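Just below is one structure, and these are the notes that go with it.
This one's a predicted model, so the numbers in the text were calculated from it and none came from an experiment.
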Amino acid sequence: MSSQKPTAYPVARLLLDLRRQGVQTIQRTSGVALVCPRHVRTLELQSRVQVNALALADLLQGLHVTLHLGIPEDAWWRHLEQVAGTGTKPTAARAAVATVLAGKPMLPDTLDEPPAMIPETEPVAVDVETIGGVASDHRVPLPWVDPSELVCVGFSIANCRFAFPASDRANIQRFLGTSNPKVFHNAIYDLVWLLDAAFEIRGSVHDTLWSRAFENGAGVHGLKVTGTFTYAVHLPEKTPDLAKVLTYCANDARNTLSLFNPTSPWCSHPLYRLYQRMAPRVAAISRTGLPFFRDRVEARYAEAVARVAWLDAALGQIARINWRSADQVAHVLEEALPNRWTPGGQRVVDDAALRECEHPAAAVLLEKREVDKVVGTYLRPFLQRDRVCGLITLNAARTGRTSSRYTNLQNIPRSLRTLFGKAGHDWVKLDFAAAELVVAAVVAECSSLLAWFREGKDPHAETAARIFHKPSLSVTAEERAVGKTLNFSLCYGGTARTIVQRATSYGLAFSLPEAATFRTAWFAAFPEMTAWQAETMRQLEDGEPIRSPFGRMWTIPPHSSHERNMALNAPIQSTASDLLLLAADAIWDVLPGPVVNLVHDEVDVLIPKGTWDEAQWRDIARRMAGVDARFPMRVEVAVGPDWGATVEQFVEGVSV
DNA sequence: ATGGGAAGCGCC
DNA sequence: TGGGCGCTTCCCAT
């Protein structure tokens, strides 16, 4: 491939070409659906995912494809090249699209008679249709988003497909309430709605996406080839025709059923079982959301808005530009900025650059950014409802971490956490201490790190002691911070440069050669880490999949340093998050209050004031820490009147 | 008017 | 040339 930048082939142009070739494209809130009237496949692409050329190949061969058009344009270009040959021009792409074939018959838009009797082991596929959401913000309909509404629930059993409007509660409950396995396609979403409508689901929960997530680390936003669909029509937005919605819903349930493979070994895998138990619980957390103190949020909001006005006035004295625009800021600060450039060829004006900048506007702009973020991303959206809800998903991250969307409950600033809580209740925080480092020590079989964890020592301080050649008791706070920086950076492929950057964010300063010395010393102190990283690189080069201790797999092409570092990180991060989910499962039924949030290595619980019982929580924390004997986890337990005011009570776990 | 990409920043 | 997420704003193309 020549180094010359290829001619752009915009997504909209591709869609237009597809449409010309008789491919039906329908705009939906969640993206654009491309519908070909022939067999059938669903895939979704998103920017952070390494997509497979097969995806577009399938599309161009006339499969039924759903694309989330979040991928960068050059990614589309690479696919086009791979599919239609190097140097593909739009005309060649059009020629490839021309291979789209006219279709075979699909399922008709009619409903079957619901069966009177269902054999007990027969899987029942369930699909929910909803309407509403905020299209401009890509927010799908959710119970807490107004306007949003449950329209109908569809079912598919064996060769039968049928649906009921949401008002027909008796019939919906009749089929949800059987002991048959219930099959969903991205279950959390349907579960949130069914839970909100107070339906009771009996039988085990299955999801057609889980096995794929375990097998190749595909998130819901990632590449998702889900198999053969027999009904490939998509529902137009805002259709007033209930009959049409019902048939669509039933046919989609049918599609879901066709994707379900009950004989897959994954269906009996411990992680799959875990997801079956956790999915309804996570849906419940999503629906409940975080309670907050409205008066506090309003006060903080007013304060922040006033501060923004003051800062804007101050900046206006310096230059009358849009200080949110990186381009305009770069133009004003010019020579005062450090000589760094973004991948897109623009001057870097991020916070780190501003801190190095002598210009009088820099300090003011830093504060403006901070307050702007707090107002725009957090406080203003919070005030729109009486609680803060986000859709927590089990399989959006390739590593198996949970994530939270449509308000992210996992990145709320520490400074705002004191706004969350409930009158008459206390907030209990259960937190895995240094979870990823423990997992890394186990996976790499690092004897010294493991010994420290087993003995309950502070690993960062011990690391610092090794690096600075002094007794661990005389390690200073700054030296410990260096140790922490090294531990987190070097496990996953960090360089001397990244160590310096990280250290700067901790308020430490040292030179590149110093960082290089620390790096060498770290690998010398932990020879098993060196060996483990080398072994992972060998697997990558040999094309072997990367595996986690719990059996997740990732096939990663070793093309770039990013992918090599991903291979180092994925099994560690995923194991740490699986441990938290396993721990949450282990303690769920003995918790004295509802779980209100999950933040990667933290579980948050609300309890009525005055019911704190240390012995009870010690027991809970012990169960949590001992969830898997291979991993010497420690759990920190804190309690307080709100999320931000929790105070650590004790630590439970190995050697405590 | 609308949507995608880039930059930036919040968290673990 | 640590990883993993999601959200907002600006800018530009359609």
Taking OP1 and OP2 of [N], is either one under 4.0 Å from a side-chain nitrogen or oxygen of [X]?
{"X": "His562(A)", "N": "dG3(C)", "result": "yes"}
{"X": "Ser325(A)", "N": "dC10(C)", "result": "no"}
{"X": "Ser403(A)", "N": "dG6(C)", "result": "yes"}
{"X": "Gln346(A)", "N": "dC10(C)", "result": "no"}
{"X": "Arg369(A)", "N": "dC9(B)", "result": "yes"}
{"X": "Arg380(A)", "N": "dT9(C)", "result": "yes"}
{"X": "Arg417(A)", "N": "dC12(B)", "result": "yes"}

(request) Kindly indicate, with the supporting measurements, whether the criterion ring-ring contact (aromatic ring centres under 6.0 Å, His included) is fulfilled by Phe526(A) and Trp522(A). (result) CA-CA 6 Å; Phe526(A) 306 114; Trp522(A) 190 87; 5.1 Å; yes
(request) Classify the side-chain pair Trp323(A)/Asp312(A) by whether it contains a donor and acceptor separated by less than 3.5 Å. (result)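 No pair is found: no donor N or O on one side chain lies under 3.5 Å from an acceptor on the other.
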(request) Answer with yes or no whether the side chains of Trp144(A) and Asp146(A) bring together a donor and an acceptor at under 3.5 Å. (result)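 Checked: Asp146(A)/Trp144(A) side chains show no N/O donor-acceptor pair below 3.5 Å.
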(request) Please work out whether the ring planes of Phe488(A) and His460(A) are parallel, tilted or perpendicular, with thresholds of 30° and 60°. (result)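 Aromatic pair Phe488(A)/His460(A) classed tilted.
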(message) Base of dC12(B), side chain of Arg401(A) - is there a donor-acceptor contact under 3.5 Å?
(response)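 Flag set: donor-acceptor pair detected.
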(request) Please confirm whether any donor atom in the side chain of Asn408(A) sits under 3.5 Å from an acceptor in the base of dG6(C), or the reverse. (result)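 Under the 3.5 Å cut-off, the side chain and the base do not form any donor-acceptor pair.
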